[in-house]
Structures are given as structure tokens and as C-alpha cells.
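Shown next, in C-alpha cells, is the structure this report addresses.
All values below were derived from every heavy atom in this structure, side-chain atoms included, with hydrogens, water molecules and symmetry-related copies excluded. Just so you know, ligand 1 is whichever comes first in the structure, and atom 1 is the first atom listed for that ligand.
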Amino acid sequence: MSEQTFYVTTPIYYVNDVPHIGHSYTTIAADVLARFWRAQGRDVHFLTGTDEHGIKIVKSAAAREMTPRQLADDVVVHFQDLWKDLNIANDDFIRTSQPRHEQRVQALVQRLVDQDDIYEGRYEGWYDEGQEEFVTESTARDNDYKSAITSRPLTRYSESSWFFRLSKYVPALIEHIQAHPRFILPEARRNEVLSKLALGVEDLSISRPLEKLGGWGVPMPNDPTHSVYVWIDALSNYYTALGMPKIGDEFDGRCERFWPCDLHLIGKDILWFHAVYWPCMLLALKIPLPKTIFAHGWWTAEGKKMSKTLGNFISNDDIRHICGTYSRDVYRYFLLRAVNFGSDGDFSRDQLQLRYNAELANGVGNLLSRTVNMIGRYFDAAVPAVQDDVPEAVAVREAAEALLRGAAPAMELCQFHVYLDLVMDLVYATNKFIDVTEPFKLAKDAARKGRLATILYTCAEAVRIILGRLAPVMPETARRGLGQLGLDESAAQGQADRWGLLAPGTAAAKGEGLFPRKS
Ligand code: MSP
């Protein structure tokens, strides 16, 4: 049987400014999924990158007296550095200004031209430069001719343009969405897209005069005076990064295995592009559609919309500061723990501190140190074998089995909050088990050593399972914790993991606390 694959992507980020918490959110979520499925034995491909063309970049570059390429070369490093600092293990990083991408975008557009899905017309209307989005008259009017996202005034355009026959593919798209409940997640977003589609969709202007972009863009293959619309260029990255369509003999057959993509992770503001433009383009090209597009919510900071003027903007430097105070694993944990994935959420330093103390220091850290300490003291630092029956242990085992059973289904649906709830349920059940059974009291009575052995085996086994599940979210913390139980990650992950795999006799060695106190 061929190995199961998992291909996950983040949006490719604009290089007009440095990364912030929103970018880190999607990228961390994708990294956690990639690590989880890798540990489950899937062949994973995790792609991220940067979106470097378009008027937005051209204007930002001009404002800084740089060329767009200089700006892109400068800013891309901030993204790459932040991903390193957040321990992101992507397999590839695509930049839309790379020749490998540009030539394949042209090949895709040429195919659309050849099959008469692209025609010449005239675009008259509004454009949202912040979003790189064409806006209809009625939407423009409803928003007072301002961007619904950035509130900046819309730009008026009247120019010749090439159009993609988007409307021709909308009926097939609607059918696809209806037949595939997991194509757009969460469900509320899927309904939103379906309602908007029902209102009717016009063909899409997919080119801009290249001179208006100072030559910065992918030329239309049929008309080099025009550049491919930045969203058509950008969306194609998910396919071109795999080396497709094939050009010459540089094609790496391994990549073909990853299409159709399993998951495009995106923010809610860019759902329409991903759920309508991209699939219609693929339908036209007869390329299979991605399996799932998941749109997550937006972060505010300290109760307000993030903005540089309000001073609550959480930039790459702020993220590094938070990671320095706690750790990068704690930051990763908090982002996925504090908010249901799919909903909006607020980043608050007080909340981070509270969760750090309650869940990580007093929860996970305390459980590990109590367990390792007692095994050290009462069993010469070797995990004991189960001896007497301890009825109270059933609750721990049940929580562990609920976690083992529920982990993959939660990850299938990007429900990190459900996943981490299951982890914390086991943490609480095991800490409670220690409080109830009071193993430190049993130690004084030699006749009760059999009961003590079962209790400590149960704790150690629970800790192994907890740290194994935390590993995709908190890779370094989990490695350190498992090390104290004499294990590496491979002993705590994988599809075949089940209760009871911890071998008695494993050497437990007390180490530094996983979560030092912070005031
Ligand atoms: N370049 C396009 C994407 C092209 S994908 C083919 C783009 N780039 S972006 O840099 O502006 O934004 C990338 C992502 O960051 C989006 O998914 C967006 O939702 C996300 N976020 C931007 N601000 C955010 C928050 N405040 N909170 C959460 N995510 C946010 O769009």
C-alpha cells in the first residue's frame, strides 16, 4: 500500500511589511499539523512563502525609495528568520518572484488562453489596493467607497484588461461545495460562500497594464504589456511549488504525489479568493481541487483591533520578546489553546500568564516533576511495573484513551482546541489521581509497595502520552520532558501508540523544571 501523504499550505505573505502575530498564527497551525501527521507516519509536504508582486508592494517599495525587488529581498528575510525562531519545519519556501514560479504561472495562464477561457475586455470600477481586490459598485457603495478591511479609499480604474470566464465555472463549483462538506471549513464559512455565490458572480479581470506596476509582475503570456493579476499569480503557488505544470525534465515525480493538496490554511479575509477564484481556475484547467480550505479567525490585541498607531501591534519583535520571556513553545501553545480555531480571538499578556501558570507550570510541569521525583525516591529511578490493582487508575486510563482516540479526528478538522482540551483533561485527571491516592504516604508502608508501583506506572504512562501529544505543538518542551522519563519522541508518538507501551524499568532522571515560575 502506498504511504499516505499530507500536503499543507499557508497563505504566501505580502512582503510590504514585516511579519506579525496573524502570520505567525497560520504558520504555527500548519507546522503543528505537519508535525502531527509526520509522527503518524504520513509523507508530509509543508509549504509557505511570500507573495511579492502587485501594486501594494510597488507602492511600499516606492515609499521607501527601493525597487520592489529590493524590498522583497529585504522583507523576505524577516519571514524566514521568524519561522526559524518559531521552530517552523516547512519543506519548501516559495517566492512568487522566483523563475520556477513565474514560468509556471505563465504556462497555466497560456492553457486558459488556448482553451478560450480568457478574453479581452475593459475593466471599469473599483480596486482595493490593500487587499489587491476588485470591488463591485454595490460593495463599494455599501462601504462608502472605502476598503472593508483597511478602511482606506478605493481606487478607480478604467483600463483594458484580460478576463477569466469565472462565471462559467460557478455552477460546477457550487455543486462541488455542496457535495463535499469538508471542502470549506468551518461550516459557517462554507455557508457564507454559498450564499454569496447564489447572488451571482461576474467574470474576473485578471490582468493589469504592466507599466502601471513599473514592470513588476508576471507578464501575460499572450500580451506582455499586461501583468497577470496578483491573486491569480499568488494562488498558483500551491501548484507551481510542486514543480507543476511540468516544464522540461526538471520535474520531481515525488511532488506529483502531493496534489491534490490536503489543506489550504488561510485567514477568513482571504476566503473568497481561495474558495472561488482558485477552484474555478482549477476546474477550468481540469486539475483536481484541494480537499479542504480552512479559514481561521482574526486576532485582536489587548481587546482592540491591532494597529501601529494604537501601539498594540504584535510584530515579529514583540513575538520574539514573548518567546524570550516564556519560550517559543509556550507562544505556540498559547495561540492554539486560547481560541477555538476558526473563531476570532484576543491576545492578552495577562491571559498568557494565567494559562502559563495554571496549565503549563502547575499542570504539565508539576505532574512530570512529581512523577519523576517519586520514581526516583521510591523505585531507584526505574519506572516500576504494574502490580496491585488500583481502581482509581481507571479514570486516568480512560482520559488517556480518550486522548489517543480523539487526537487524529481533532487534527483532521484542525480543531486544535479540542485536541488540547483532551491533553489537559488527562493532565488534570492524573494530577487528581495523585492527590486522591497520596502515593507519598504509601511509601512509608512496605506492604503497600505493590499499590505504589501501579500508581507510579500509571502516572508515568500518562505523562508519556501527554508529552507525545504535546510534541507537535511544543516540540522542545516535549523532548526535554520525555528525556526525564528516559524516552525520546518516537517512544511517545505514532499511529500504534496505546496505553501500556511504557516499558517498566525505563530510567527516569529528574531534570530542570519544564516551566520555571514567572511572576
Ligand atoms: N498575499 C496574500 C495571500 C495570498 S495566498 C495565495 C495575503 N497576505 S497577507 O500577508 O496580507 O496576509 C496573510 C494572512 O495573514 C491572511 O491569512 C490573513 O488572514 C492573516 N492575518 C492578517 N492579520 C491577521 C490577524 N490580525 N489575525 C489573524 N490572521 C491575520 O493576504
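One distance of note links NZ of Lys304 with CG of Asp346; it measures 9.5 Å at 0.5 Å rounding.
The shortest N or O to N or O distance between Tyr14 and ligand 1 is below 3.5 Å. Backbone and side-chain nitrogen or oxygen atoms of Gly267 are examined, and one is located within less than 3.5 angstrom of a nitrogen or oxygen of ligand 1. On a distance-only criterion, His23 and ligand 1 share at least one N/O pair closer than 3.5 Å. By the 3.5 Å distance cut-off applied to N or O atoms, Lys268 is not counted among the residues near ligand 1.
The protein heavy atom nearest to atom 26 (N) of ligand 1 is Trp299 O, 3.1 Å. The nearest protein atom to atom 14 (C) of ligand 1, hydrogens excluded, is given as Tyr13 CE2, 3.8 Å; this is a heavy-atom distance. Of the protein's non-hydrogen atoms, the one nearest atom 19 (O) of ligand 1 is Asp269 OD1, 2.4 Å. Nearest protein heavy-atom neighbour of atom 16 (C) of ligand 1: Ile270 CD1, 3.8 Å. Protein heavy atom at the shortest distance from atom 3 (C) of ligand 1 is Ile12 O, 3.2 Å.
Between Ala140 and Trp126, the closest heavy-atom pair is CB-CD1, 3.6 Å.
Near Met306, meaning under 4.0 Å from any of its heavy atoms, are these atoms of ligand 1: 26 (N). When each atom of ligand 1 is checked for a heavy atom of His274 under 4.0 Å away, the hits are 5 (S), 6 (C). Remark: ligand 1 atoms within the under-4.0 Å shell around heavy atoms of Gly22 are 24 (C), 25 (C), 27 (N), 28 (C), 29 (N), 30 (C). Near Asp51, meaning under 4.0 Å from one of its heavy atoms, ligand 1 places the atoms 1 (N), 2 (C), 4 (C). Counting the atoms of ligand 1 from 1 in the order shown, those under 4.0 Å from a heavy atom of Ala234 are 6 (C). Ligand-side atoms of ligand 1 in range of Gly297: 28 (C), range being under 4.0 angstrom from any heavy atom.
Remark: Arg156 CZ is packed, more than 12 non-hydrogen atoms of other residues, nucleotides or ligands lying under 6.0 Å away.
Within the 4.5 Å cutoff, the side chain of Leu242 has heavy atoms near those of the Tyr7 side chain.
Contact analysis puts Trp231 in contact with ligand 1, with a non-hydrogen atom separation below 4.0 angstrom. Put simply, part of Tyr238 is less than 4.0 Å from ligand 1, judged by heavy atoms.
In this comparison of His296, His20, His264, the heavy atom closest to atom 22 (C) of ligand 1 sits on His20.
Just one residue in the list Arg111, Arg165, Lys168 forms a salt bridge (Lys or Arg N to Asp or Glu O under 4.0 Å) with Asp116, and that residue is Arg165.
For Arg38 and Phe46, the positive end is not near the middle of the six-membered ring at less than 6.0 Å and at most 45° from its axis.
Checking side-chain atoms of Arg189 against main-chain N and O of Ile184 turns up no donor-acceptor pair under 3.5 Å.
One finds a salt bridge joining Asp31 and Arg35 here, because a Lys/Arg side-chain nitrogen approaches an Asp/Glu carboxylate oxygen to under 4.0 Å.
Ring centers of Phe347 and His20: at least 6.0 Å apart, outside the cut-off. Between Phe164 and Tyr229, the distance separating the two ring centers is not shorter than 6.0 angstrom. Between Phe258 and Tyr238, the gap from one ring centroid to the other reaches at least 6.0 Å.
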